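In this text the structure is predicted, and so the values were computed from the model without any measurement.
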Amino acid sequence: DDSDRPILGDVLSVASALSYAFYATYLKIKVPESEEATFKFSYFLGFVGLSNDVLLLVLLWIFNATGFETFEWPPGNTLLLLSINAFFGTFISDYCWGKSVILLGPLITTLGITLTFPLSAIFDSIVNGTKFSWLYLLGSILIFAAFGVILFKDFVNKRKLD
């Protein structure tokens, strides 16, 4: 039972966040502003995907062989739906994310992504009538405020450079 190992989930979450931060910052460092127009994001994302395929297939085989996580093909049309989702939900969003990191920087891009939490709550409230606590609403307001303040500060800093 996973609830017996909450530390493992916490460690994996922190490792994931650190990996994302490294990835976004490394991308911004390696693609200077002078090369933004000529940088081939499709090649970059293809390389990232190929690397993940090779590395994760090895892990998949190890997990399946040890019984840690068993592998089975999805039933019916699920594989087709997963492929469609991979294209629209992953490839296109990663492409936009990469462009955003290059154009806006990793901080503003990451803050923009965090807007999905309060926006999904607003959508859930409208569509499903879900009620959220005042603490959740306060957190959502703070996320929007932080995004606005940092975006404004970045805008002011860029105007000073021009």
Side-chain angles (χ1 to χ4, degrees), residues 2-3 5-60 81-162:
D2 289 338
S3 62
R5 300 181 295 179
I7 299 295
L8 177 62
D10 293 344
V11 169
L12 290 175
S13 294
V14 169
S16 176
L18 289 172
S19 297
Y20 171 79
F22 174 76
Y23 178 62
T25 305
Y26 185 75
L27 178 61
K28 182 62 179 173
I29 290 169
K30 285 298 183 183
V31 183
E33 288 185 27
S34 60
E35 296 179 19
E36 287 175 5
T38 60
F39 187 73
K40 302 280 188 199
F41 276 100
S42 56
Y43 293 165
F44 172 74
L45 292 175
F47 179 72
V48 169
L50 181 63
S51 301
N52 281 332
D53 286 346
V54 170
L55 295 172
L56 295 177
L57 279 175
V58 171
L59 283 177
L60 177 69
L81 294 173
L82 287 171
S83 299
I84 291 169
N85 179 54
F87 181 74
F88 289 106
T90 304
F91 173 71
I92 292 175
S93 70
D94 283 354
Y95 183 84
C96 293
W97 169 85
K99 283 291 225 189
S100 178
V101 167
I102 296 301
L103 295 173
L104 301 172
L107 176 63
I108 293 175
T109 300
T110 302
L111 283 174
I113 290 172
T114 62
L115 291 177
T116 59
F117 295 107
L119 289 174
S120 66
I122 291 168
F123 185 76
D124 202 22
S125 294
I126 293 169
V127 172
N128 298 324
T130 305
K131 304 285 187 224
F132 293 95
S133 70
W134 68 271
L135 201 54
Y136 193 92
L137 295 174
L138 177 63
S140 296
I141 291 168
L142 291 174
I143 289 172
F144 278 111
F147 182 73
V149 167
I150 290 174
L151 195 60
F152 179 74
K153 181 152 177 47
D154 187 63
F155 175 75
V156 168
N157 286 343
K158 283 186 180 177
R159 291 201 72 189
K160 284 181 184 177
L161 294 175
D162 292 339

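No more than 12 heavy atoms of other residues, nucleotides or ligands sit less than 6.0 Å from atom CZ of F117. Heavy-atom contacts from other residues, nucleotides or ligands closer than 6.0 Å to OH of Y136 number more than 12.
Within the 4.5 Å cutoff, the side chain of D124 has heavy atoms near those of the F132 side chain. Annotation: side chain of V101 is not in contact with side chain of Y23 (no heavy-atom distance under 4.5 Å).
If you take CD1 on I122 and OG1 on T130, they are separated by 12.5 Å, rounding to the nearest 0.5 Å. For the atom pair OG1 of T114 and CG of L111, the computed distance is 5.0 Å after rounding to the nearest 0.5 Å. Between atom CG of residue L119 and atom OG of residue S140 there is a gap of 8.5 Å, rounded to the nearest 0.5 Å. Separation of atoms OG1 (T90) and CG (N85) is listed at 5.5 Å; rounding is to 0.5 Å. T110 OG1 to L115 CG: the interatomic distance, rounded to the nearest 0.5 Å, is 11.0 Å. Atom CD1 of I113 is separated from atom OG of S100 by 7.0 Å, given to the nearest 0.5 angstrom.
Using cut-offs of 30° and 60° for the angle between ring planes, the W97 and Y20 rings count as tilted. Ring geometry for F91 against Y95 counts as tilted: the plane angle lies between 30° and 60°, on a 0 to 90° scale. Taking the six-membered ring where the residue is Trp, F155 and F152 present tilted rings, their angle falling between 30° and 60°.
Panel note: side chain S93, backbone G89; a donor-acceptor pair is recorded below 3.5 Å.
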